[in-house]
Amino acid sequence: MAFAIQFVIDVLSLGGAYALMALGLVIIYGILRLVNFAYGELIMVAGYTMFLTSGSGLPWIIMAVLAVVMAIVFGIITDYAAFRPVRAKSVTAVLITSFAFSNLLQNAALLFISPRPRNVPLPEIFSETVSIGGAITPVRNLITIAASIVLLAAVAFLMRKTTLGIAMRAAATNFTMARMLGVPANLIISSAFALSGFLAGVVGILWIGRIGTVVPGVGMEPLLIAFIATVIGGMRSLPGAVVGGFLLALIDTTLNYSLSQDLLKFRDAFTFSLVIVILLWRPEGLIKGPASGQRT
Amino acid sequence: MKHAYLTALILIAVILIIGVGSQLLGIRLYDRIATNLLISLVLVVGLQTFMGNSGLLSFAHIGFMGLGAYTSAVLTIPAQMKGMALPDLYDFMKVVEVSPLVAMLAAGILAAVVAAVVAYPLMRLSDAASVITSFALLVVLYTIMNNWSAFTNGPRTLFGLPKTTDMPIAAIVAAIVVVVALLFKESRTGKLLRASREDEVAAAALGANIPHLRWRAFILAAFIAGIGGALWGHFITSFAPKAFYLKETFLIVTMLVIGGANTVTGAVAGTVLITIAYEGLRSTEGAINATSFGAGQVIGLTEIVLALAMIAVMILKPGGLFPNREIGHIITRARRKKETTA
Amino acid sequence: MSETRLAVNDVSVEFTGLRALDHVSLSVSTGEVVGLIGPNGSGKTTLINAITGQVKLATGTIMAGDTRLSGLSPREIALQGISRSFQIVRLFNTMTVLENVEAAALAKGASLAVAAERAKGLLSELGLTAKADELGESLSYGDKRRVEIARALAAEPRFLLLDEPAAGMNDAETETLLHTLSELPKKRGLGLLIIDHDMGLIMRLCHRLHVLASGRTIAEGDAAHVRSHPAVIEAYLGKGAAHA
Amino acid sequence: MLDVSDLSVSYGTIRAVRGISFTLGKGELVSLLGANGAGKSSTLKCIAGALKASGGSITLGGKDITSASPEQVVRAGLATVPETRDVFPDLTVAENLMLGAYIHRRDQAGNRQNLERLHTLFPRLAERSHQPAGTLSGGEQQMLVIARALMSRPTVLLLDEPSLGLAPAIVERIFEMIETLKKSGLTILLVEQNVNQALAVADRAYVMRLGTVVTSGTPDEIRATSDLSAHYLGG
Amino acid sequence: DDKIVIGGALSMTGIQAPLDTPGYNGAQVAVKYLNDNGGVLGKQIEFINIDGKSDPVTVGNVAVELIDKGAQVIVAPCDFDFGSPASREAQSAGLVGISTCASDPLYSSWSLGDKQFTLSMWNTTMGATAADFAFKEKGWKTAYVVTDQFIAYTKSLSKYFVEQFKADGGEVILEDTYTNGDNNFSAQLARLQALGKKPDVIFVSSYGTDIGVIIRALREVGYDAPILGGDAYDDPAMHQALGEKFGNDVYFVTHTWMGAGADPEMEKFIGLYKDMFGKDPDTSFVSTGWDTIMMIAQAITAAGSTDGAAVAKALEDGQFKLLTGELDYGTNEEGHVPNKAAALIELKGGKPTFVGWRKPETLPKP
Ligand SMILES: Nc1ncnc2c1ncn2[C@@H]1O[C@H](COP(=O)(O)OP(=O)(O)OP(=O)(O)O)[C@@H](O)[C@H]1O
Ligand SMILES: Nc1ncnc2c1ncn2[C@@H]1O[C@H](COP(=O)(O)OP(=O)(O)OP(=O)(O)O)[C@@H](O)[C@H]1O
Ligand SMILES: [Mg+2]
Ligand SMILES: [Mg+2]
């Protein structure tokens, strides 16, 4: 019984974090059709903000808010620096600039902060544990689960119940036309980046809370996870990203619990092969996004 | 067709200049940089054969390079070294020791075979799905290299490869690869593939078998990557799987895209340009570090400047320096124009 | 060359909740020009897509001579000698005009030399020789349309399907196009199926007309017959055309 | 209502529009004619704010909109139907129309009413409400673009070749609609290849050639100008 | 030539940086000290370091560049995987190469050549010291061992610990693996929990930030047995990350203690270091940098030249009194085995404290 509870909590807390990561990416990737390689660096920015403010004596919650704000700011900067100037040009150009921007931020952290891991302040509650039905679990995991549910609902509301979602897709597919209908396309696209940055900031706090330190390359893993989750779940659908996140957590946790030691080393190979298989079977991912308007 | 010969001639001349020039200077470091550049050239031009002609971004290229490097390593590390360098190697392979040239060919072939087997189903995909599957393929290849201790010594540094790659060998291989890439581009497969790059639906409506065309290009690219990997392995002589991952992928994709993915000229130009920029920046960084003695080290400046340059190039010339036409083509056109106006 | 027939028998095509083609039958013989007209959204483009294998059939068969096309992939159908143009021009933008045309011949299995030869011939026939070395994207709209036709012809098709080739052309350009197209069937022994909303062009070019409305055939026959057909006036031409 | 004076537009070194001037009175329907490449579409795009003017000025209802952004122009009451069928292919017909009413997104009731009116004008769009716009037939897309522009309830409408690719019967309907719109007080600037039909509905017309206005006047005056076809055909 | 050039390929960036950067700083203190006191053989010393970026390929390239710039001795990064490419280039150029603190026995003249050395004890000593301390001193009978498959160092450290621990009579209840960068320790935890037994001691051989991650994960779910490890634990950032709450009952074997009681010379060094950097050194890797330079200086003085063969001979023959303990190299045939003692440190409330010097009586075979 304790084992089962442990398993469920592991899946849910990991899945919640994964789903948030994926959601932040799918807003850019699924809706704007831009692959944002610099997404992981927003998480890094949140981490470094926490580190830089840690000596200030501010209450932790203020530092956390500042971290999220900085992630939002850098999300918007990403738009200005890497996307806006090349958006109209070519898909490859966009890909390369975002890759370059990611490199830029990482190396700026190396240059201006330090190549070495830096500690981030964590509230007392992050290192406390509770026992649920015999399974000992860090409270942090429960916070992750709660945060993911709240934020998923909030984003779903924003995209479903307001014209924002439609306006984002319109601005992304035909920028000038969107403006000619009165849609403030630049603002809309920047707001998508801001939203993505917001999610990255929250994920950053939760994710870095697991590790306790921040290094320039800290965003790499969340980026990969977000990528896979998005692909599995459906590249163009918000619920898809969420489903993909939880599914990936389920797969990872199951493999963790069941794979023998020798095979476990190849876990990533299994996971990614699965990604390839899913894409071959359903190039759109498990959950189809809104129908596409391609025709001959 | 005539301009293709001219292009080949010019590009081979560039390779010669790099090679001979680095020797004339007589500085060992330049020799090393030049050799490195020529090896990168092999890889970037190899990537161009697939990416340029099919228009699909491929992240897996470096993975095949790694495959080649490890294959050649296992085949050439002296038997008495293997106990130390590859402690977990399968027994029957411990006695194998072939000449690096044979091993290089084997590396290319193995990479091509692996590519042929794993890539066929992937070639149906386009756009984002294909970018991400190739990304996934890179991670799979990397994970395997990182964990298959018997063959690669796991994440640890593999050493003991005989140092057989020098500047002339690299130059010869680079020249051959450039010619192969140009021939492939003008071949029937190449032309049809380029048509599919521009418009998949229209190309299919003409009767082009797109997945099959892509598959052929992918195998060729993997073959070249395998050769390039072996070449590199015998130059560097010790390396770990990390050498075949994102950073390097980024570098060769950057070289190709800045030069212009659609042309072999672009691949060559991008490689030369980025290598020079990279080395120049690195030595500047070194110089800065030497002066600010004791003060904070300047780290990552090279990458920052390079990233900024890349963003700038993408904004100004999104198709790269040679977006559509090979150098030979540009020259013949310019000459013809002058004749007609004169 | 013996005469062959492209026969569309009882074809239906369905999209989610919509029958875009409803038991349509039509045929084109080599040497013949057939016009396909009908209101917007009546299924004309869909019919061409059905013939070239881009959409699945719900009912019916499509034959070219004795070969069954329905069920084959677009590629296999192209290899059977069916070429098409698209409602929106689809050139290979960053390839030269010559390469654009060569590609079509290569896809049909011609050798590099033969393809180059054939492409040059076609370019001079369509008055595009001077543009041979230009990139597809740099051409004017009319030239693009002509390259598309040259490309379709380079595959040496038995049947050529053109979707609104005159759209966006001015009267002078349309006139040249009419001239080029009207020579094709005799000279190359091919069958031509053409969609356009320019009635001037259609009426003068086509031997026979086929009219669709809401996915169904509403009239068939020569220009005079169709022009005065009440259902066609009602659904397509409009009252204005009747007394024009 | 709309005043364009000495307007110039350039693409790099190419000067597409070279100092043209014209005016539209309130409720007037003015037609802009000319051969391919004369600069008609460039003029329209510039008025709509999608292109920067390299010289001259544009005023709309007394307000200077020369360097206004497209969003501001729409808010000022001007809607554009561009010549390329710029539907958002992945969005459904209904979503496309909804975006047309972006500037009135708070006024749900008004939008619904407007939508109903447009649905009666283009019943095909009502049938296809939930279809992705990219899968519409060519003509259906053209209808959608027109309807979408009308969703913003403009006072001035710019139409760039609205009859392109439409069946003759539909073209007739479109021109009937244009007349209806005009009667309801809308100011319309119409670019057409279809000279006769354009002149049939227009109050006044301007003929452009190589970026300049060469003739202007009432339809009868234009028809009387002998070299109309020469200008029109680019001769 | 009026100066002696020492080239360094130490990594200022990447996972190796926490170990190499302090070494670099220590080396700079030594260079300044030597130059202020008349240099070596009457010549000034110039120390040029180029960032090896924690990447074996870059390190190799950097070494070639340094040799090109006239380096006469090469200082290699503090690890076999990251450092050996520099030594290999040094060897092929006929120069002496010394790693500041690579401890895998692969860092030997057997695999790298007759002019290559490491300043550190080998993992045979480090692993055996930990095992003896656990079994003989503390009486911990059962151990749980986690090995990061990352590099030769992490693998062999566990290997020698296990060999010695078993030879002492201890029992290893579970040996598990982990791969650096996984950031997820739940699989290993699940296997440990499935065992149903609690070990007396936990030996974790990992690298970089992951050590902290693993320790936290273990502590959070209630494994409070003492944790034992090697010199990769000697990183103040890791101590800080564990903090007061988790930084207890953690022991590690390292090169020296940066405070009173380790070495009589230490105070002088700390003073010099403070003059240069304005703060106290916080890890023993600082000493390895100082020691490397000071030892090179002694060897060059003894050899009377910077010739590779002569310096290598001087190193083989010499006896060196260093901040990191007395060092006496084995011959070329013995692989240049470094005979050296190890320092034991305990973390209390996130702060390191010195336990003492240890030197095992017997060592496992490399
Ligand atoms: N993929 C699709 N999904 C749903 N409906 C579709 C799809 N493709 C086409 N349709 C519908 O099928 C009908 C026929 O379209 P088609 O393109 O064949 O018309 P058409 O006769 O060529 O019209 P036009 O003259 O306007 O080009 C249209 O109503 C269109 O909306
Ligand atoms: N994006 C562009 N870049 C460069 N030149 C352009 C661009 N768009 C249009 N032009 C040029 O500007 C001139 C005017 O073009 P415009 O589209 O305004 O003409 P038009 O009168 O609308 O013609 P049409 O009847 O063919 O639509 C033409 O010479 C055209 O080649
Ligand atoms: Mg159509
Ligand atoms: Mg126009």
Side-chain angles (χ1 to χ4, degrees), chain B residues 1-4 52-55 124 182-214 216 260-263 265-266 317-320 322-326 328-337 339-340, chain C residues 48-49 51-54 72-96 98-116 119 130 132-138 147-148 151-157 161 163:
Chain B
M1 207 45 211
K2 220 185 253 154
H3 55 75
N53 293 310
S54 73
R124 280 196 287 122
L182 283 170
L183 284 176
F184 182 73
K185 195 181 164 202
E186 295 303 327
S187 74
R188 165 199 194 80
T189 308
K191 278 190 174 152
L192 285 173
L193 197 55
R194 282 188 284 142
S196 79
R197 168 189 80 198
E198 297 299 318
D199 191 326
E200 248 181 83
V201 175
L206 291 178
N209 187 347
I210 298 173
H212 206 267
L213 294 166
R214 287 178 181 163
R216 282 186 219 164
N262 289 356
T263 59
T265 311
K317 289 211 95 182
F322 293 87
N324 305 310
R325 291 196 169 95
E326 301 287 353
H329 200 171
I330 296 172
I331 292 176
T332 39
R333 260 172 70 86
R335 203 184 298 145
R336 208 177 304 142
K337 273 224 181 95
E339 272 165 23
T340 49
Chain C
I48 286 192
N49 286 344
I51 297 172
T52 56
Q54 261 112 4
L72 301 183
S73 69
R75 188 176 84 79
E76 291 161 330
I77 292 170
L79 296 180
Q80 287 300 324
I82 315 288
S83 286
R84 71 171 294 178
S85 74
F86 294 89
Q87 188 162 355
I88 306 155
V89 193
R90 308 187 82 134
L91 286 190
F92 305 136
N93 277 332
T94 65
M95 293 169 81
T96 63
L98 184 67
E99 284 175 328
N100 261 280
V101 182
E102 276 178 350
L106 291 173
K108 281 289 288 280
S111 71
L112 282 170
V114 170
D133 210 23
E134 300 297 324
L135 299 183
E137 64 188 355
S138 69
V147 174
E148 215 180 25
R151 188 175 70 184
L153 290 175
E156 305 208 312
L161 320 175
D163 198 348

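By convention in this document, chain letters (A, B, ...) are assigned in the order of the sequence lines, proteins followed by strands, and residues within each chain are numbered from 1.
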Check: Are the charged groups of Arg90(C) and Glu200(B) less than 4.0 angstrom apart, N to O?
Finding: no
Note to self: Is it the case that the side chain of Glu198(B) and the backbone of Thr94(C) share a donor-acceptor pair, with hydrogens and angles ignored and the cut-off at 3.5 Å?
What the structure shows: yes
Margin query: Pair Glu186(B), Leu112(C) - check side chain to side chain contact (heavy atoms under 4.5 Å, CB included), show working.
Written below: CA-CA 9 Å; Glu186(B) 295 303 327; Leu112(C) 282 170; over 6 Å; no
Say you draw a straight line from [atom1] of [X] to [atom2] of [Y]; how long is it, rounded to the nearest 0.5 Å?
X	Y	atom1	atom2	result
Leu206(B)	Arg84(C)	CG	CZ	10.5 Å
Leu193(B)	Leu106(C)	CG	CG	12.5 Å
Arg325(B)	Asp133(C)	CZ	CG	5.5 Å

Check: Between Arg197(B), Arg336(B), Arg194(B), which residue shows the highest count of heavy-atom pairs closer than 4.5 Å to chain C?
Finding: Arg194(B)
Note to self: Among Ala203(B), Ala205(B), Gly207(B), which residue has the highest count of heavy-atom pairs closer than 4.5 Å to chain C?
What the structure shows: Gly207(B)
Notebook entry, point to check: Is there side-chain contact between Phe86(C) and Val201(B), with at least one heavy-atom pair below 4.5 Å?
Noted result: yes
Between [X] and chain B, which part of the residue has a heavy atom less than 4.5 Å away: side chain, backbone, both or neither?
X	result
Ala152(C)	neither
Ala155(C)	neither
Ser73(C)	neither
Gln80(C)	neither
Glu134(C)	both

Checklist line | For Arg188(B) against Gly109(C), the heavy-atom pair lying closest together | finding: NH2-CA, 2.9 Å
Notebook entry, point to check: Do you know which of Ala154(C), Pro157(C), Gly53(C), Ala107(C) has the most heavy-atom pairs under 4.5 Å to chain B?
Noted result: Ala107(C)
